[in-house]
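The block underneath contains the structure these notes are about, expressed in structure tokens.
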Amino acid sequence: MTAELDAPASGTTDDSDVVLEAEGVSKHFPVRRTGRDVVKRTTHHVHAVDDVSFALRRGHVTAMVGESGSGKSTVARVMAQLHRQTAGTIRLHGEPVDVRGGRRFRAYCRAVQMVFQDPFASLNPIHTVRYHLTRALRIHGNAGRTRAEREAALEDLLASVQLTPARNYLDKFPHELSGGQRQRVAIARALAADPEVLLADEPVSMLDVSIRLGVLNLLRDLKDRLRLAILYITHDIASARYFADDIQVMYAGQVVEGGDSETVTQSPAHPYTRLLVESAPDPDRLTGRTDAPEDSAQGEPPSLISPPSGCRFHPRCPFAMDRCSVASPPRLEVGDQPGHWAACWLFDTPSVEAAS
Amino acid sequence: MSYLLRRIGFYLFTAWAAITINFFIPRAIPGDPVQSMVNRAQGQIDSNAIHSLYVLFGMDTDQSIFSQYFEYLGQLLRGDLGLSFTFFPTPVSEVLGDSLPWTIALVGLTTIVSFVLGTGLGVLVGWRRGGWADLVLPVTTFLSSIPYFWLGLIAITLFAGDGGAFPSSGGYDPGVTPSFTWDFISSAVLHSVLPAVTILITSMSGWIMSMRNMMVTVSQEDYITVAHAKGLSERRVMVSYAARNALLPNVSGFAMSLGLIVGGTLLMEIVFSYPGVGYELFQALGAKDYPLMQGIFLVITLSVLVANLLADVAYLALDPRTRREG
Amino acid sequence: GGGSSAAKTPSNGVLTIGMPNGPQTNNSNPFLESSAGASLGYRRVIFEPLVMTNVVKPTDPGKPWLATKWEWSDNFKKVAITIRDGVTFSDGQKMTADDVAYTFQLLKDKSALNINSIPFGDIAASGNQVTLIFPKSQYVNQNKILNTPVVPKHIWSKMKDPTTDPVKNPVGTGPYTLKTFTPQTVTLVRRDGYWQAPPKVTELRYTSYTDNNAQTTALANGSAEWSFVFIPNYKAVYTNKDPQHFKLWFPSVLAVHGLWLNTERKPFDNPVLRRAMNMAINREDVVQQGEAGYFYPKVDSITGIPTPAGEPYIADAFKGKNATVDVAGAKALLTGNGFTYNGDKLVDPSGKPVTITLSDPAGWSDYQTDLEIIKDNLSQIGIEAKVDKANEDAWTTNVETGNFQGVLHWTNNGYTPYDMYQNMMDGTLYKPVGTGGVSGNYGRFKNQQATDAIARYADATDDAGRKAALDQVQQIMVDQMPVIPLMAANAGGEYSTRHWVGWPDEQNPYAPAQPTLINALDILLHLQPAA
Amino acid sequence: MAVPAADVAAAVPVEEPAGKRRQAFRFLATGKAITGLVIIGVLVVLSVIGEWIAPYDPSARSSDLLEGPSGRHWLGTTHLGQDILSQLLVGTRSVMVVGLVSGLVATILAVVIGVTSGYLSGLGGEGLSAVSNVFLVIPALPLIVIIASIVPEVSTLGIALIIGCTSWAWGARVLRAQTLSLRRRDYVEAARATGESTWRIIGVEILPNLTAVIASSFVGTVIFAVLSEITLAFIGVSGGAEWNWGTILFWAQSQQALDQGAWWWFVPAGLAIAILGTSLSLVNFGIDEFVNPRLRTGGRMRAGFTPVVRGGDR
Amino acid sequence: MSEPVLEIKNLSVDYGMGPDAVQAVRDVSLTLHRGEVLGLAGESGSGKSTLAYGMTRLLPPPGVVSGGEVVYHPQDGAPVDILGLNRPQLRKLRWSEISIVFQGAMNSLNPVHKVVTQLCDVIKAHDKRSTPASRRARAAELMKLVGINTDRLDSYPHQLSGGMRQRVMIAMALALEPSVVIMDEPTTALDVVMQRQILTQLAELRERLGFAVLFITHDLSLLVELSDRIAIMYGGRIVEEANARQLYREPLHPYSLGLLKSFPALRGERRELTGIPGSPPDLRAMPSGCAFHPRCPRAFEPCADRDPVLAAPEDKTRSVACWLHVPGAGRTAENSTSSTTARS
Ligand SMILES: Nc1ncnc2c1ncn2[C@@H]1O[C@H](COP(=O)(O)OP(=O)(O)OP(=O)(O)O)[C@@H](O)[C@H]1O
Ligand SMILES: Nc1ncnc2c1ncn2[C@@H]1O[C@H](COP(=O)(O)OP(=O)(O)OP(=O)(O)O)[C@@H](O)[C@H]1O
Ligand SMILES: [Mg+2]
Ligand SMILES: [Mg+2]
């Protein structure tokens with residue numbers, strides 16, 4: 001029997017913890033039409049995200065990993081409603097959201113905040129830390145009524161991202177801060193809205209090794225203290241293992257595997273996840289002898305304008321079967337751990353049995 | 001290709017808008033061609049002649065400005081630019097035919113030479129940053145800040161006065177007739193030296209500056225360092241790697257300036273009494289010669305647009321990144 | 001240089017003529033002021049008039065030219081013209097009375113070409129005689145009619161529309177034909193078969209320079225031998241380069257350039273103030289500094305009639321009465337008529353200080369200089385003047401609609417003072433301030449006597465009547481001073497005697513020296529190669 | 001396990017917040033810009049006090065007609081005996097006023113149109129961009145001449161406004177391009193994600209980041225405006241009642257000063273213009289170098305062959 | 001161990017000259033042996049790139065090499081000091097003996113020339129006798145070497161994916177069969193899958209062609225896996241140099257330890273991550289003594305005053321610059337002698 005799972009993958013916590021969920025979300029970007037297309041009246045789209053479903057829970061970090069260009073940032077932006085999804089629904093506390101600017105967008109912002117990938121680019125170089133934070137507080141009505149209240153709120157914010165004493169930072173410009181400090185300010189700004197969900201788009205990939213850890217620890221600390229639901233986007237699967245509760249693996253705009261972080265990293269099920277895990281640098285595999293497994297996939301990531309039919313990984317997949325190029329695999333239970341699933345025909349139990 | 005299609009649509013709109021503005025704005029000037037003509041004669045034309053001039057110019061009928069406008073558009077579509085008032089009844093197209101070649105030959109050539117020389121110098125100055133090359137900059141800055149007419153007049157005084165080597169005005173010797181003879185060509189060339197040199201002096205520095213800046217910017221690109229690392233000869237790195245890339249932004253500037261050839265030389269032609277379009281435009285403005293003004297503006301508009309289109313095409317040709325397959 | 005050296009060397013039989021009028025287009029239509037022929041003046045040597053008259057000596061009788069005889073009926077409503085025999089057009093066709101009649105008919109039919117607005121009546125040709133009939137006296141227009149250039153009927157009648165035909169191959173009775181045309185230079189050559197002794201100059205080269213400076217340079221280096229251009233400080237820039245040969249002669253004609261005052265604007269509606277201003281203005285300075293001492297000759301007579309051209313017309317009462325600077329007199333005149341001084345500021349009878357804005361287009365540098373001087377002069381009698389360097393188009397409209405206080409402006413020009421006075425004072429031209437479309441009387445001068453006298457002059461049937469009328473006009477002019485006449489219009493030119501002699505001058509004023517007037521042909525016929 | 005926050009703080013040098021001022025105009029602090037600014041400053045001062053330090057009334061006639069430089073008239077006199085030095089001094093004001101006013105007007109227009117059309121997508125943005133392109137296509141000087149003819153009274157301020165209203169298109173285009181590149185920046189998106197309104201994003205997040213570009217476009221317009229004003233006066237299209245350097249040149253030219261050998265009438269005003277132009281260009285270069293630090297001249301060095309200075313002066 | 005091919009001795013590199021010069025590489029000595037992979041790691045700003053560019057004299061202004069020697073040992077012939085060469089000599093040496101692969105391949109390839117042109121360029125510059133046909137053939141060969149289809153020869157750089165461009169750069173680096181290839185973060189911009197592909201290929205090629213590699217990255221886990229020896233840089237100095245395995249198992253310098261403890265491991269035990277507190281030093285205001293001491297959890301009395309010297313603590317195959325490993329530190333004040341690399 002095909003054990004098709006309902007999205008989101010069930011975890012250990014019960015469903016009342018779900019804050020934000022995406023169901024069947026797709027995002028297609030129209031691309032510039034060529035002269036021939038104008039004649040033929042066809043339009044092309046980048047299928048940046050196709051039919052993605054998952055849920056974010058209170059006090060829970062969900063990591064989303066995948067290679068560059070697999071659509072991770074796009075998912076985050078759609079979740080933050082910076083882009084409108086092409087299809088699918090986003091639910092906040094079970095209510096479908098449809099916000100187009102204005103007051104309702106602000107209300108949504110209050111609940112869902114995003115931290116951008118690049119701490120050097122996401123703070124306006126001409127505004128001070130104080131300005132950034134005050135605006136965020138004001139917009140969401142957390143600035144208090146008096147000056148003193150506002151100052152107190154600012155200090156609380158900076159303290160919550162461990163930038164103390166606050167007065168050392170408040171009047172600094174972004175260029176006077178280190179990368180880690182900037183990222184903390186960006187996080188503080190997101191926290192100023194007092195959100196329930198934090199969408200962190202590769203919050204550390206631009207940071208130096210020694211600073212990364214601080215920011216990640218901070219996020220984890222926030223999750224615990226404020227019971228935030230965090231979406232942690234990265235392409236560094238090792239940090240996802242270390243930091244997240246569960247992991248979603250994206251490939252070419254689709255989520256191909258999900259499960260709790262330890263399981264996904266230690267016993268990856270989907271061939272792509274395996275490839276990802278095997279490719280990650282591993283100090284224990286010593287000195288040049290990159291005894292890469294024979295079955296390791298080669299080739300280039302697929303075009304997102306005309307993605308491969310069936311399973312999008314099949315052109316690179318060492319285990320590709322006939323049906324892989326025809327039919328898109330549904331979420332199939334892997335079976336080793338509860339909640340671990342993969343979108344791969346290999347785990348279609350009856351068929352595997354039939355094949356053997 | 002869609003890029004070009006969209007550009008063309010955009011250009012058509014711009015052309016229409018410019019033509020419309022060119023039609024209405026001159027007509028908002030107080031006065032009319034007849035009065036200007038009488039004024040210019042300062043008493044040499046009798047005030048009794050005014051009526052006959054109105055009749056002559058066909059301005060004695062009351063026609064609404066909008067019907068004139070649509071008539072004008074219709075004329076344009078038929079390729080008819082109307083009759084000039086200043087040179088009544090010479091067709092505007094003939095006036096343009098007389099003056100355009102001069103402007104295009106002199107200014108066109110000068111613009112190209114200025115671009116080539118300026119860019120070349122800019123390449124050198126940008127490449128050999130520091131040292132003598134940096135002295136070029138203040139000098140060119142100063143030269144380019146000089147008002148053009150002033151430089152032209154000084155040049156005339158110095159080089160075209162008594163015993164000067166160059167004629168001070170005109171496109172060729174009064175004695176010769178335009179034709180493909182040595183006499184005419186040599187005289188035309190001689191007459192073009194001063195205007196050309198003064199234009200070069202004031203316009204070249206712009207190219208030098210922009211090319212220099214681009215060279216400096218480009219020469220810090222990684223691929224230049226790589227080219228050095230590859231052990232390529234200095235010349236090859238400078239020309240084929242640095243200059244080739246630095247040239248790209250300058251190309252659109254160059255196309256822009258090609259478009260301005262017709263409209264941008266008013267002062268040169270006034271100062272050097274050069275028989276080109278700019279001077280014609282100046283006269284037309286003073287005479288309120290609407291048809292001639294419109295004709296010249298049309299030429300300018302079209303040449304700017306065509307130049308822009310050329311720039312787009314040149315960019316497509318020069319920069320492989322803008323080329324699209326399929 | 002190349003340009004000058006070619007022209008500096010004496011070219012056999014060639015005369016170089018220049019005008020500062022910019023590139024030309026190939027257009028030799030003699031009736032169009034916009035043609036190259038008019039702008040450079042070469043239409044005068046292709047198309048000949050019936051009679052050659054001389055504006056510098058307006059009372060002299062005209063020289064018979066294509067007409068051998070012309071007889072006006074007493075009331076100047078009819079003229080019978082006898083056409084010269086043996087005249088051929090340059091294409092070999094004989095010129096006949098038919099051609100003359102055709103020419104007048106053309107002007108009658110095409111008001112666009114009838115630049116003098118002559119009211120033609122019947123036009124008849126018979127034999128070698130052409131008779132023209134007019135609805136009213138043409139005394140004041142007689143020379144304009146007789147100066148009409150004659151065009152060949154056999155060519156012009158075939159034109160689709162003579163008003164819009166550029167006549168690229170002009171055929172006339174004159175001694176020259178068009179050889180080549182370029183926008184910059186037009187070359188004419190002498191033809192065979194001219195009806196009188198041919199001119200010595202075998203080739204005429206007309207060059208159009210872009211502006212005064214270029215023209216002056218060309219004169220100074222000898223590449224242009226004859227021209228009509230304003231040269232500031234002409235001695236330094238022009239004549240001193242070759243004092244022996246470089247000459248200029250700028251005789252006055254019967255038109256003035258003067259300070260037009262808006263006679264409906266207070267306080268300038270007061271003739272006393274206008275007269276006092278007249279007394280304060282230093283014409284000598286204006287002419288010397290503003291007009292380079294020669295361009296517009298000074299007007300001395302208080303009647304405003306330029307001398308010597310208009311000498312015969314000056315009323316006996318005013319003969320020898322010249323305008324002079326008399327600041328004290330002016331002040332006395334003012335204080336004697338209700339004006340007062342507050343310190344050195346003039347205050348009008350209503351108690352307002354007198355100020356004036358003098359306005360002329362910014363680009364007219366000689367006028368601007370004149371105004372600066374006038375401003376200075378007026379301050380002597382306590383009038384605070386401001387010089388406005390106006391935009392030409394706006395200024396034109398302002399002058400037309402009477403929206404000004406004082407402007408330097410010209411008057412019409414003619415063979416009698418009628419044209420200038422009519423232009424200044426004719427009440428039939430009057431339109432209220434704010435209404436445009438006037439062709440004269442910009443100062444809104446309203447004086448019935450003047451209007452009547454002007455009309456009487458034009459219609460009078462005898463010289464006595466005319467004299468009486470003109471005397472009255474002069475009297476009104478002197479009393480009312482609607483325009484303060486400063487200088488005369490000219491009909492002059494710069495010429496070089498290096499290669500050609502026989503030019504008109506003070507001693508021999510047989511023609512005005514300007515190369516674009518009909519007399520250009522007469523001058524060419526007088527020129528002889530220099531020894 | 002978490003990094004002690006105190007350590008992070010301790011590692012950055014702590015500066016007093018009081019010492020921090022917003023440095024929006026840092027770009028004027030390069031050597032070139034300072035040189036240019038000093039010259040401009042002198043001219044601005046002259047434009048204010050020129051009237052009082054001028055030895056004569058610039059319009060006053062005297063009997064010293066067309067005299068060369070002398071103790072009495074340092075720069076000689078005109079054909080009316082007016083003192084040219086005084087004309088130059090008094091004329092400074094009009095030049096500076098036109099430069100500044102039209103620079104301001106054009107820059108404001110350019111900013112409003114350029115930034116709005118860059119930030120707004122869709123028809124509004126495209127329309128505004130089309131408008132500025134139309135203005136780019138129409139040749140500026142003739143357009144200015146025409147508009148100057150339409151306006152009845154052309155005062156200095158009028159000229160300034162006309163030039164300002166016709167010369168914004170280039171700046172608008174540059175600013176539009178810049179805005180287009182800024183509007184997808186993360187910090188703009190971040191401001192949006194915070195819930196800022198569109199106008200606040202344009203005004204507070206984007207605009208200040210364009211300061212250098214705006215300043216450079218301002219300086220460019222000032223140069224253009226000054227040259228235009230002078231050209232207009234020179235070709236006799238406008239004069240206004242006030243003196244400016246172009247009027248001096250107009251008089252000199254119409255009196256054929258150079259042919260008469262009166263160089264003192266023609267040369268100083270031209271040089272004054274060139275100096276003003278140069279100083280403005282210097283400011284512009286300074287801004288360029290700020291925007292693109294690579295342009296800063298770093299001594300006599302060339303890429304590709306790092307010099308070896310053993311035992312250098314350290 | 002095999003013979004040295006490139007010896008860096010006491011190299012110092014400055015940015016700028018005179019009083020406001022910044023010394024980004026300080027007194028670095030390092031030896032690259034024939035055929036080995038030497039890894040160079042350190043956090044951002046520690047001077048890795050400056051070292052790589054400085055020793056090849058490719059550092060753009062205001063960079064200046066302010067001291068030291070870079071000796072290249074050709075296969076046959078006398079050693080040459082790169083720092084003493086004039087332009088033509090240097091040009092000849094470059095690429096044919098020492099080639100470089102830079103971090104951003106997109107930026108390393110000239111965007112306006114085809115890949116084949118750029119490959120042929122380098123051959124032509126060093127082999128004047130080659131014909132266009134032979135050059136093209138060689139270019140095709142090189143492309144095959146790095147696993148790119150030869151029909152991509154006529155592509156422009158922007159038509160290739162990031163990984164392909166990086167491989168083109170590697171192909172170009174090998175075009176003249178140099179004995180040293182310097183790689184400055186060649187894979188940092190790529191994702192792990194692509195990175196793995198390229199590193200695998202590199203390893204194969206090195207086995208076949210036998211060139212030595214100086215591999216620069218800040219990803220220590222990558223280096224441990226890839227290289228024979230590893231040098232760790234901090235604040236413009238080499239603070240530790242050791243065999244890769246040794247370094248991973250038993251880092252001696254607290255900074256190396258900190259680096260290793262900053263990486264989460266994908267496999268095996270979830271280990272404790274501590275990271276390195278504080279932030280990198282400011283080159284303009286270097287801490288006195290050991291540059292790392294303000295961040296060092298084990299800093300003690302001599303660290304703030306005196307610079308430790310890179311020296312071999314117990315055996316001859318590794319060296320470290322830390323007072324912890326100087327017997328009797330705290331008493332000796334002897335740091336005037338210039339540091340020497342422990343060489344075999
Ligand atoms: N605004 C857009 N217009 C068109 N295509 C887009 C746009 N934004 C993203 N894409 C495309 O969508 C795909 C997914 O991009 P996305 O940025 O989500 O990837 P990512 O997983 O975040 O990659 P990275 O790890 O590099 O950040 C890419 O192919 C990208 O080119
Ligand atoms: N032009 C320059 N002027 C002054 N200092 C510079 C300059 N370029 C680099 N530096 C400084 O030199 C130091 C070393 O830089 P380098 O690029 O070598 O570091 P890196 O180790 O390669 O870092 P990364 O891992 O980020 O590439 C840095 O602190 C940097 O700030
Ligand atoms: Mg992303
Ligand atoms: Mg680096």
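Residue numbers start from 1 in every chain, and the chains themselves are labelled A, B, ... in the order their sequence lines are given, proteins ahead of strands. Because the structure is a prediction, the values reported are computed rather than measured.
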Can you tell me how the ring of B:Trp16 sits relative to the ring of B:Phe13, calling it parallel under 30°, perpendicular over 60° and tilted otherwise? tilted
Report the relative orientation of the aromatic rings in B:His228 and B:Trp127; use parallel for angles under 30°, tilted for 30 to 60°, perpendicular for over 60°. parallel
Pick whichever of [options] has the most heavy-atom pairs under 4.5 Å with chain B.
| options | value |
| --- | --- |
| E:Lys124, E:Met172, E:Arg94, E:His126 | E:Arg94 |
| E:Lys92, E:Arg91, E:Arg57 | E:Arg91 |
| E:Val122, E:Val101, E:Val112 | E:Val112 |

Does the pair E:Lys114/E:Asp121 count as a salt bridge with the N-to-O cut at 4.0 Å? no
Locate the shortest heavy-atom distance separating B:Thr111 from B:Phe254; write the atom from each residue and the value. O-CE1, 4.1 Å
